[in-house]
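First up is the structure itself, then whatever we jot down about it.
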Amino acid sequence: MFVALLLLLVYIVYWLPSITDFTKLLQVSNFLVTLSIFLLLAFSLNIHTGMTGLVNFGVIFFVAVGAIIVGVLTAPSDKFGYDWDIIPAVIVAVIFGALFGWLLAYPTARLRTDYFAIIT
């Protein structure tokens with residue numbers, strides 16, 4: 001069922017008007033990348049809430065930190081960015097996201113139930 005719905009969504013995106021085949025390819029790939037990002041976030045939230053039973057919305061904070069860092073590093077320099085390529089910016093964002101996660105998890109690792117949810 002998932003594959004059928006995914007193919008239907010890709011077909012709808014492919015059906016949208018476009019100027020060239022390259023822009024059509026960019027539309028479809030943009031859709032699939034965005035869908036993949038939200039699928040990873042949904043899986044992460046399912047692991048935290050569904051499998052462990054903890055109410056933890058702190059994962060969204062780490063995603064936001066990474067997205068902001070990538071956005072600032074890849075923005076053009078005339079827009080107050082740093083004009084980096086995407087791969088080094090993603091590597092730096094992953095490192096900073098892991099650092100923020102460690103800084104949050106280290107002092108709160110022994111908390112349980114509602115207290116853990118409040119801190120995160």
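One hydrophobic cluster holds both Ile69 and Val72 under the rule that ILVMFWY side chains link at heavy-atom gaps under 4.5 Å. In the hydrophobic cluster analysis, where Ile, Leu, Val, Met, Phe, Trp and Tyr join through side-chain heavy atoms closer than 4.5 angstrom, Phe61 is grouped together with Ile68.
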**OP:** Walk me through it: do Leu35 and Leu6 pass the test side-chain contact (heavy atoms from CB on, under 4.5 Å)?
**Re:** CA-CA 10 Å; Leu35 180 71; Leu6 180 64; 3.2 Å; yes
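Atom CG of residue Asp85 and atom CG of residue Leu73 lie 11.0 Å apart, to the nearest 0.5 angstrom. Here Ile91 contributes atom CD1 and Phe96 contributes atom CZ; the two are 13.5 Å apart, rounded to the nearest 0.5 Å. The structure places CG of Leu32 at 9.5 Å from CG of Leu9, a figure rounded to the nearest 0.5 Å. To the nearest 0.5 angstrom, Asp21 atom CG is 11.0 Å from Leu26 atom CG. The CD1 atom of Ile60 lies 10.5 Å from the CZ atom of Phe62; values are rounded to the nearest 0.5 Å.
For the pair Thr74 and Asp83, the minimum side-chain heavy-atom distance is 4.5 Å or more. Taking 4.5 Å as the limit, some side-chain heavy atom of Phe2 sits within range of a side-chain heavy atom of Leu39. At a threshold of 4.5 Å between non-hydrogen side-chain atoms, the residues Val92 and Trp84 count as touching. Residues Thr108 and Leu111 have side chains in contact (heavy-atom distance under 4.5 Å, counting atoms from C-beta outward).
Among residues at least two apart or in separate chains, side chain to side chain donor-acceptor pair (under 3.5 Å) pairs with a member in residues 46-55 are His48-Asn56.
Using a 4.5 Å cut-off between side-chain heavy atoms of Ile, Leu, Val, Met, Phe, Trp and Tyr, Phe80 forms no hydrophobic cluster with any other residue.
Within 6.0 Å of CG in Asp78 there are more than 12 heavy atoms belonging to other residues, nucleotides or ligands. With a 6.0 Å radius and a threshold of 12 heavy atoms from other residues, nucleotides or ligands, Phe31 has its CZ atom above the threshold.
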I'd like a table of donor-acceptor pairs (distance under 3.5 Å, sequence neighbours excluded) in which one partner is a side-chain atom from residues 13-20, with atom names and distances.
unit_1 : atom_1 : unit_2 : atom_2 : d
Ser18  : OG     : Thr20  : O      : 3.3
Ser18  : OG     : Thr23  : OG1    : 2.4
Ser18  : OG     : Lys24  : N      : 3.4
Thr20  : OG1    : Phe22  : N      : 3.4
Thr20  : OG1    : Thr23  : N      : 3.3
Thr20  : OG1    : Thr23  : OG1    : 3.4

